[in-house]
Amino acid sequence: MFGYILRRLLATIPVLLIVSVFVFLLLRLTPGDPAAILAGDAATPAQLERIRDSLGLNDPLHVQFLTWFGQMLQGDFGTSLISNTDVLDMVSDRLGPTVNIAVMTIIISVLLAVPMGVIAAWRHRSWIDFAVMSFSVLGFSVPVFVIGYILIQIFAIELRWVPVQGYKSPADGLGAFFSRAVLPSLTLATIYVALIARMTRASMLEVLGEDYIRTARAKGVRENVVLFRHALRNAAVPILTIIGTGFALLISGVVVTESVFNIPGIGRLTVDAILARDYPVIQAMILLTAGIYVMVNLLVDLSYSLFDPRIRY
């Protein structure tokens, strides 16, 4: 397994290199001038030229790329063109809220969706199955910002159980953190519960028709053991895949939810950087996203062998 992990980690190097080249060229070749944004509308051509020189924008593209890439290998992602703040510090400050909300969302989604999908497959074509599938369709159909505003209206404005917006770190107290994280987590969990429950149901339906399930039932094994130990374990591979993909997507930043609940996450940071054409921040965020997807996919692949002993690396 160690050799497999090493090969996968080495395979990420060309992937990240290709992503960095693509992002660098895409940002540099799109219309717009970051020097004009920094200087403002009243800037003279001489002032714009001085800003371009200071930022290295007048250098050839390959020189700009090699300079930036060499700095990145040393852990220096540059300085924000807008806030004049170190990019790595900006990302670090915004990553915590997004990770905390993502972890809470995935925990809620898995705890709700997996039992729902198992029971729906067990009671196939019953009213329970119909209810789960109806919820799945509803969860996919309703926009996330609508769900967010509904939850705010009910639990924050009318019942006054939780604050309307804002974010508190767990370091500020678990009570303050959970009171502000529960609504955005439930908002996002609505979509992921629908997705994971649907995948769980489909995988369980395939497994429940296998011979070893009929054999276990014929031997008198309790139904809950049949469902959760034998069937769910063998149906876990596609479920783990969808959970891992969803977690990577959440870490990458969910812009709408962060905007609705005023959460200072990396999703809002990315959008602000794109609107301001803040090259260093955009490049760092896209590379971070690519790295997250690679690492999550690796962890998901390794977790397969825990549920299916036939899988070996």
Side-chain angles (χ1 to χ4, degrees), residues 94-120 127-170 174-202 239-272 274-275 289 292-293 296:
R94 297 295 190 95
L95 189 60
T98 300
V99 170
N100 291 331
I101 296 297
V103 170
M104 191 168 175
T105 299
I106 286 296
I107 291 174
I108 294 173
S109 301
V110 172
L111 292 178
L112 293 177
V114 173
M116 286 171 58
V118 172
I119 295 173
W127 68 269
I128 298 178
D129 186 20
F130 177 77
V132 172
M133 293 304 297
S134 299
F135 175 80
S136 298
V137 173
L138 187 65
F140 282 121
S141 303
V142 181
V144 66
F145 69 89
V146 173
I147 299 173
Y149 285 129
I150 291 175
L151 293 179
I152 289 175
Q153 179 66 33
I154 296 174
F155 296 103
I157 296 178
E158 295 185 1
L159 297 178
R160 298 184 180 181
W161 288 354
V162 292
V164 175
Q165 291 179 327
Y167 174 80
K168 289 290 185 180
S169 170
L174 292 179
F177 166 71
F178 283 117
S179 65
R180 289 166 174 80
V182 62
L183 288 188
S185 298
L186 287 175
T187 300
L188 293 169
T190 304
I191 300 174
Y192 289 97
V193 166
L195 181 63
I196 297 171
R198 192 163 187 160
M199 179 60 69
T200 303
R201 174 185 177 275
I239 301 172
L240 288 173
T241 302
I242 204 67
I243 291 173
T245 303
F247 184 71
L249 181 61
L250 288 170
I251 295 294
S252 302
V254 184
V255 179
V256 175
T257 304
E258 291 181 354
S259 300
V260 169
F261 291 97
N262 194 26
I263 299 172
I266 59 177
R268 291 179 59 190
L269 175 63
T270 304
V271 172
D272 293 341
I274 292 173
L275 294 177
T289 301
I292 288 172
Y293 271 96
V296 168

Asker: Answer whether the closest heavy-atom distance between the side chains of Arg198 and Ile242 falls below 4.5 Å.
Answerer: no
Asker: Parallel, tilted or perpendicular, judged at 30° and 60°: which one describes the rings of Phe177 and Tyr167?
Answerer: perpendicular
Asker: Could you tell me if the side chain of Leu250 sits less than 4.5 Å from the side chain of Tyr192, heavy atoms only?
Answerer: yes
Asker: Indicate the atoms forming the closest heavy-atom contact of Gly267 with Glu258, along with that distance.
Answerer: N-OE1, 3.1 Å
Asker: Quick one: CE on Met104 to CG on Leu186, what's the gap to the nearest 0.5 Å?
Answerer: 7.0 Å
Asker: Within the distance-only criterion (no hydrogens, no angle test), does the side chain of Ser179 pair as donor or acceptor with the backbone N or O of Ala176 below 3.5 angstrom?
Answerer: yes
Asker: Any side-chain heavy atom of Arg268 sitting closer than 4.5 Å to one from Asn262?
Answerer: yes
Asker: Do other residues, nucleotides or ligands put more than 12 heavy atoms under 6.0 Å from the CZ atom of Phe140?
Answerer: yes
Asker: For residues Val193 and Phe135, determine if any side-chain heavy atom of one lies less than 4.5 Å from a side-chain heavy atom of the other.
Answerer: yes
Asker: State, with a plain yes or no, whether a side-chain heavy atom of Val162 is found less than 4.5 Å away from one of Val182.
Answerer: yes
Asker: Taking C-beta and beyond as the side chain, do Val260 and Ile152 meet within less than 4.5 Å on heavy atoms?
Answerer: yes
Asker: Do side-chain atoms of Gln153 reach the backbone of Glu158 as a donor and acceptor pair under 3.5 angstrom?
Answerer: no
Asker: Is the shortest side-chain heavy-atom distance between Ile196 and Val114 below 4.5 Å?
Answerer: yes
Asker: Closer than 3.5 angstrom, by distance alone: can the side chain of Thr98 be matched with the main-chain N or O of Ile266 as a donor-acceptor pair?
Answerer: yes
